[in-house]
Number of protein chains: 2
Amino acid sequence: MLRGHLVSADRDQEGPVRLPQWEALVVDAVGNVIDFWGFKRNQGRVWALLYLRATPMSAQEIQDQLGLSKGAVSMITRELEQWGVIHRVRPVNNSSWMFVSETDFMGMIGRVVQEREASFVARVKADLAEAERLARSSPDAPPEVVDRIARMRRLAQLIEGAVGAFLKTSQLNLDGVSGILKDSGETLQRGANEIRKRVRSRLLSGPRQNGGPS
Amino acid sequence: MLRGHLVSADRDQEGPVRLPQWEALVVDAVGNVIDFWGFKRNQGRVWALLYLRATPMSAQEIQDQLGLSKGAVSMITRELEQWGVIHRVRPVNNSSWMFVSETDFMGMIGRVVQEREASFVARVKADLAEAERLARSSPDAPPEVVDRIARMRRLAQLIEGAVGAFLKTSQLNLDGVSGILKDSGETLQRGANEIRKRVRSRLLSGPRQNGGPS
DNA sequence: TATATAGTTCAAACTGTCTTGAACCGCAAG
DNA sequence: CTTGCGGTTCAAGACAGTTTGAACTATATA
């Protein structure tokens, strides 16, 4: 690998930028986006690195390249794996897991967001409903107040609809261009060859027995 | 001074629930939503309280009712005012400002979110573009990498479109029901009367001179 | 079974954000 | 001009979420 001599020597040394600048830019951009959507910045960074390299990377490599701790890498990879945006493989001749990115990134993220949003909205709606009930049965609450609470419920309903539509549209857009992140034809071919070269033969799409995600 | 012993007596006392329960529920529900959208929880709580009461409230009242500090109320009201979701009025016979909620809450929030999102996306796109440029002109970057960066740019574009569509739809939905939060006919009448009773005459839609929002 | 290395866990440290509270400002009344 | 009070500001503190790092567990090899 080309980056070899640059990297491994100075491990303890806090090297601020060991990645080529274009990688750093992409990795951080994705990190920001993912952070914006309520995930951890480093989850996005790890995914982006794996996607850019398009070659299996060990936890150790990720740790070195992104300057994360052992623990952080363990946690982050597990989470990404749970969401299905990366998966781990174990080359037969190698005792450590390697990670590769899933290309259906947005689909997965979309599903997670949708789920999160759904339960959140459910909670809000329940609270407003309860408030309305209480206000109705309380002598202290004037009818206008009940009316206003009802209006907010309706508003919540509308927002829910809009968010649902957004997520669906978003999903469709991405489905429409069908695997926009996936390497196409020739490139994919090359990628596959490169992978094989690296790990020396078939990859075991790991039904993680060793402390895999619960 | 007399204010000392009177006020502070029950101020330090952490009154957990001084609001009727239905108000607490609504106020917190809105707080959660607003927090979810990347604003401060208490901004949502203050707006919700003003909306529910539908009557001008002083900073002091807000402070007491929601258990916030003087400073927090000042900051939060200023921010809400800047976004145009509340405004301050000064009754002629009264030396303190009173706050009232704007009913076009979602419209305003939508605009702010849109703005925030737009500049964020612009930044991300610029970073990806720069990364692509660098990768193209670097001998170390294989063409597949350039290709993958280009793909991510396209993805960013799509997401941007989806978000834009969402915000527009959301706006339309709310416009469609035209002022869903606004008190209608009769109720509005009553509300207005109530307001007049309380503040004792016309309200000055405040071109805040005294330390108003910049 | 012993050894070495990979991987996980979790309390403590860190980070960024929000809130507090006391000093300060400015206006209006005396 | 002084006093009283509403309002603002901002450094310090509280807090939530994230990361670290060292102890611990698991796995592979011999």
Side-chain angles (χ1 to χ4, degrees), chain A residues 11-12 14 31-32 34-46 56-64 66-82 86 88-99 204 206-214, chain B residues 1-8 11-12 14 31-32 34-36 38-46 56-64 66-82 86 88-99 204 206 208-214:
Chain A
R11 174 106 47 83
D12 331 302
E14 177 69 10
N32 288 334
I34 242 46
D35 181 51
F36 185 82
W37 285 97
F39 302 88
K40 295 183 205 168
R41 160 173 278 99
N42 280 330
Q43 289 167 345
R45 301 213 312 143
V46 168
M57 293 180 73
S58 69
Q60 181 70 102
E61 280 174 306
I62 294 171
Q63 179 180 344
D64 293 343
L66 297 182
L68 302 175
S69 69
K70 203 153 151 348
V73 172
S74 174
M75 231 181 59
I76 288 167
T77 51
R78 186 187 28 193
E79 292 156 345
L80 291 176
E81 202 184 359
Q82 281 171 337
I86 69 174
R88 65 178 75 195
V89 297
R90 168 110 70 178
V92 289
N93 67 332
N94 193 323
S95 69
S96 65
W97 291 101
M98 309 276 267
F99 298 95
L204 196 155
R208 49 280 130 106
Q209 47 188 149
N210 169 20
S214 56
Chain B
M1 49 191 78
L2 33 124
R3 158 188 147 289
H5 68 286
L6 278 181
V7 183
S8 46
R11 176 106 47 84
D12 328 306
E14 176 70 9
N32 288 333
I34 241 48
D35 181 50
F36 185 83
F39 301 88
K40 295 184 206 164
R41 160 173 277 98
N42 280 329
Q43 289 168 345
R45 301 212 311 143
V46 168
M57 292 181 73
S58 68
Q60 182 64 208
E61 280 174 305
I62 294 171
Q63 180 180 341
D64 293 343
L66 297 182
L68 302 175
S69 70
K70 202 152 139 20
V73 171
S74 173
M75 228 182 57
I76 289 166
T77 51
R78 177 163 33 113
E79 292 156 344
L80 291 177
E81 202 186 359
Q82 279 170 338
I86 70 174
R88 66 178 73 196
V89 296
R90 170 111 71 175
V92 288
N93 66 333
N94 193 324
S95 69
S96 65
W97 291 101
M98 309 277 268
F99 298 95
L204 196 157
R208 46 283 133 108
Q209 48 188 145
N210 172 19
S214 56

> Under the side-chain hydrogen bond (donor to acceptor under 3.5 Å, both in side chains) test, which residues partner A/Gln43, sequence neighbours left out?
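Counting only residues at least two positions away or on another chain, A/Gln43 forms a side-chain hydrogen bond (donor to acceptor under 3.5 Å, both in side chains) with A/Glu79.
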
> Starting at CZ of B/Arg90 and ending at C1' of C/dC27, how long is that distance when rounded to a whole Å?
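Roughly 8 Å, once rounded to whole Å.
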
> Would you indicate which nucleotide in C/dT9, D/dT8, D/dG7 comes nearest to any side-chain atom of B/Ser74?
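The closest nucleotide is D/dT8.
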
> Can you tell me if the side-chain N/O atoms of A/Arg78 get under 4.0 Å from OP1 or OP2 in C/dT9?
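Answer yes for this pair, as a side-chain N or O of A/Arg78 is under 4.0 Å from OP1 or OP2.
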
> Expressed as a whole number of angstroms, how long is the span from B/Asn94:CG to D/dG6:P?
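The answer, rounded to whole Å, is 9 Å.
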
> Please tabulate, one pair per line, each protein N/O and nucleotide N/O from nucleotides 15-21 of chain C that are separated by under 3.5 Å, including the distance.
unit_1 : atom_1 : unit_2  : atom_2 : d
C/dT19 : OP1    : B/Asn42 : ND2    : 2.5
C/dT20 : OP2    : B/Ser69 : N      : 3.0
C/dT20 : OP2    : B/Ser69 : OG     : 3.0

> Output the rounded distance in Å from CG (B/Asn32) to C1' (D/dA16).
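The answer, rounded to whole Å, is 15 Å.
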
> Quickly work out the B/Asn93 CG to C/dC27 P distance and round it to whole Å.
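Value for this atom pair: 20 Å.
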
> Which angle, to the nearest 10 degrees, lies between the helix axes at the two ends of the helix from C/dT1-D/dA30 to C/dG30-D/dC1, each defined by five pairs?
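Terminal axis comparison yields 10°.
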
> Please state how far atom CH2 in B/Trp97 lies from atom C1' in C/dG26, giving the value in whole angstrom units.
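So the CH2-C1' distance, B/Trp97 to C/dG26, works out to 13 Å.
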
> Tell me every residue that passes side-chain hydrogen bond (donor to acceptor under 3.5 Å, both in side chains) with A/Ser96, counting only those two or more places apart in sequence or in another chain.
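Counting only residues at least two positions away or on another chain, A/Ser96 forms a side-chain hydrogen bond (donor to acceptor under 3.5 Å, both in side chains) with A/Asn94.
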
> Report all interatomic pairs (protein N or O, nucleotide N or O of nucleotides 1-3 of chain C) with separations under 3.5 Å.
none

> Rounding to a whole Å, what distance do you find between B/Glu79:CD and D/dT8:P?
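Atom-to-atom, B/Glu79 to D/dT8, this comes out as 11 Å.
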
> For A/Asn42 and A/Leu66, what are the C-alpha separation, side-chain angles and deciding distance, and is it a side-chain contact (heavy atoms from CB on, under 4.5 Å)?
CA-CA 9 Å; A/Asn42 280 330; A/Leu66 297 182; 5.8 Å; no

